[in-house]
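This report refers to the structure that appears directly beneath it.
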Amino acid sequence: MSLSSRHLLGLSGVPKEDLQLILDTATTFREVLERPIKKVPTLQGKTIVNLFYENSTRTRISFELAQKRLSADTINFSTSTSSAKKGETFKDTVRNIEAMKVDMIVVRHQSAGVPQYLTKISKANIINAGDGLHEHPTQGLLDMYSIRERLGKLQGLKVCIAGDVAHSRVALSNIFGLKTMGAEVSVCGPSTMIPTGIESFGVKVLHNINDAIANNDVLNVLRIQLERNAGVRIPSLREYHQYFGITTERIEKFNRDILILHPGPINRGVELSSEVADGPYQVILDQVTNGVAIRMAVLYLLGTMHN
Amino acid sequence: MKIVLKQVNLLNPEQKLQQKSDILIEDGVIKKIGGLKEEDFKTSKVFDFENKYCVPGMLDMHVHLREPGREDEETVETGCNAASAGGFTSVACMPNTSPDIDSAEVVRYIKEKSKNHLVEVYPVAAASLGRKGEALAPMYELFEAGAVAFSDDGIAIKTPHVLRHAMEYSKMFDAPIIEHCEDDSLADGAMNESATSTLLGLPAIPTVAEDLIVIRDIMMAEFTGARVHIAHISSKNAVDLVRQAKKKGIKVTAEVAPHHFTLSDEMVKTFDTNYKMNPPLRSSEDVDAMIEGLIDGTIDCIASDHAPHSIEEKEMEFIYAPNGILGLETILGISLSELVHKKRLSLSQLVEKLSINPRKVLNLPVPQIKEGEKADLTIFDPDLIWTVDVSKFKSKSKNSPFDKRLLTGKSIAVINKNKMFYEEKFFGI
């Protein structure tokens, strides 16, 4: 079994068989992570560059750990300044790195479309670790993995993505992946945080968080991105928490069976109360562990393909 | 020197002229239309233009020549060469150069640079100093130096206060204010806001950013009695607003660029930065509204918004790439293919949009195809099938989304200022 594409640019258009294969492969690696020696020799001799043009802690560490556990050689290239400001073009940077003979590139960038662009200028396998407000496919996969791990399936589940959907790359990857796997997906948030035309992707739009809790099996709660000018779109964090925050009271009143996910980092007291963030309904730290397994699966499947 | 254009279809709706004829041009002046003698053919260089059309020289009223300031992308000369190849005998060049065209010196510099070229260059000067929207540019002086219109192109004139005075002042010499209609506070994006921008995760500009400034400008034109010209109109609502304003008798005109009546924002799915321009490619509904506006006359002109950019600037991450695409060498072919061959406009209507109306907006005389008149002519073949090849462009830049596109209709020759451009060469006539 192998994937139908040699890159992972997003979950849009990825066939069900591929998603299934990644999730199943991750199960194997998830088990490896519980061993005393958490390392396999699968990608020995492969060189992977983590090309991060945007600050990231957990995603980069997660990828790096995944690479090390597969015995790949890993190089980190991090810069928060755009190539435009640096003087060297993005293309030149990539060509230089590629000239050092790398096999795979994991890329995060402020601009949507950079992973696609990379496939045109590089021969390496490209893995999108987040591009602009576009996609973050490994996050989508690890969310699906975590849901499946807990609830045993994805088909037929009702999943709501709540929060600043308009400024989230996690939302789109979740929507595409979950829908392909047969889940029913909705989004919930203030109307200023719901992007134009999202209904056309076949998701329901909700503005009442109580309804969202009451009518779903899973709530994937997004971070309010303070750095993305959230202040103009909501009156205050206090008001957001009051009307859209997930609290124990709400969960206990409307749906005690709900499963809470959050891609992190959490703004405690904003989208999630501390009690919920640490409480029995959430799987937030499982998501982090599963993230390593998912990234191992993706790296393994792409890294062992015949290019 | 004498030349004969043999059996060419003369077409000038302004003169109600439509006839197939031989035409004799001597020293840049039209000497005879029809009734040519054996002698005339013998003593002239003869061009067999049967089945070609000869129309008043076309004027592209919205081009960026990049000189002074970005001569690596385009110069007055290379821009004029591109114009000649595209079928234009005149262009109006926008003021967002470096320095801006906000002093008579820059106007004269551009005029001087284009003096000996076939193509006549009409500078559009900045309405405000440095296009900052704070103080008026020396408009009268700019006008006297050769500017034909005023615009802060790249952006709209910042405040209604400055807009008002720019309009009132320009009214004295009947020069239009050309507006790039976009509300700044809504314009922080890389493409049109739509389900497609959501799908692609790109920051987006809603059409209302354009509509708001269009309505502001229309109301100000009504209030001041000045003329306003809406540059590169792209939204359906904006076309409706112009349509209503025209019915009310407000002095508003509009132009559209070929990409806005040909391509929709779906094209951005390729993340090809040659689909990035401002205003951005809109929805297919907006594209249809542009064609509707062209048909019913709401949109007066077709202009290319020719915006050369260097390869290294365009080969960039999508959100960082500059806005703009080339247009001079494809505008006629696209217009013929998309409008005339698809039976949306007649050839006469197209000539109005490309030759006649731009001059009316800019208050310039329309070239007449008449004995005794200076020859300012475009000759095109409406049926020639060709493939766009950016590597053959005369422009210094290559940023066109229309590369490799098959078009029907192409310019064959242009004649102006005692010069002719034909088969890739300029020569005196």
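Every chain is numbered from 1 and lettered A, B, ... according to where its sequence line falls, protein lines coming before strand lines.
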Are A/F90 and B/E315 side-chain neighbours, meaning at least one heavy-atom pair lies under 4.5 Å?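 Of all side-chain heavy-atom pairs linking B/E315 with A/F90, none is under 4.5 Å.
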Do the side chain of A/S111 and the main chain of B/I319 share a donor and acceptor less than 3.5 angstrom apart? yes
Give a yes or no on this: more than 12 heavy atoms of other residues, nucleotides or ligands lie within 6.0 Å of atom [atom1] of [X].
X      : atom1 : result
B/D188 : CG    : no
A/I121 : CD1   : yes
A/D211 : CG    : yes
A/E239 : CD    : yes
B/K396 : NZ    : yes
B/K398 : NZ    : yes

Greatest number of heavy atom pairs closer than 4.5 Å to chain B - which of A/P195, A/G197, A/A112, A/S12: A/A112
Top contributor to chain B contacts, counting heavy-atom pairs under 4.5 Å, from A/G113, A/A166, A/S200: A/G113
For side-chain hydrogen bond (donor to acceptor under 3.5 Å, both in side chains), just list the numbers for B/E193 and A/T196, CA-CA rounded to whole Å, side-chain angles, deciding distance to a tenth of an Å, and then say yes or no. CA-CA 7 Å; B/E193 184 175 317; A/T196 308; 2.5 Å; yes
Find the distance between OH (A/Y117) and CD (B/E317) and round it off to the nearest 0.5 Å.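 One finds 7.5 Å between OH of A/Y117 and CD of B/E317.
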Can you tell me how far CZ of B/F271 sits from CG of A/L9, rounded to the nearest 0.5 angstrom?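 Result: 9.5 Å between the selected atoms.
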Looking only at heavy atoms, which of residues 196-214 of chain B get nearer than 4.5 Å to chain A? B/T198, B/L199, B/L200, B/G201, B/L202
Examine A/H134 together with B/F318 and report whether their ring centres are nearer than 6.0 Å.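 Ring centroids of A/H134 and B/F318 are no less than 6.0 Å from each other.
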Of all the residues in residues 170-185 of chain A, which have a heavy atom that comes within less than 4.5 Å of a heavy atom in chain B? A/L172, A/F176
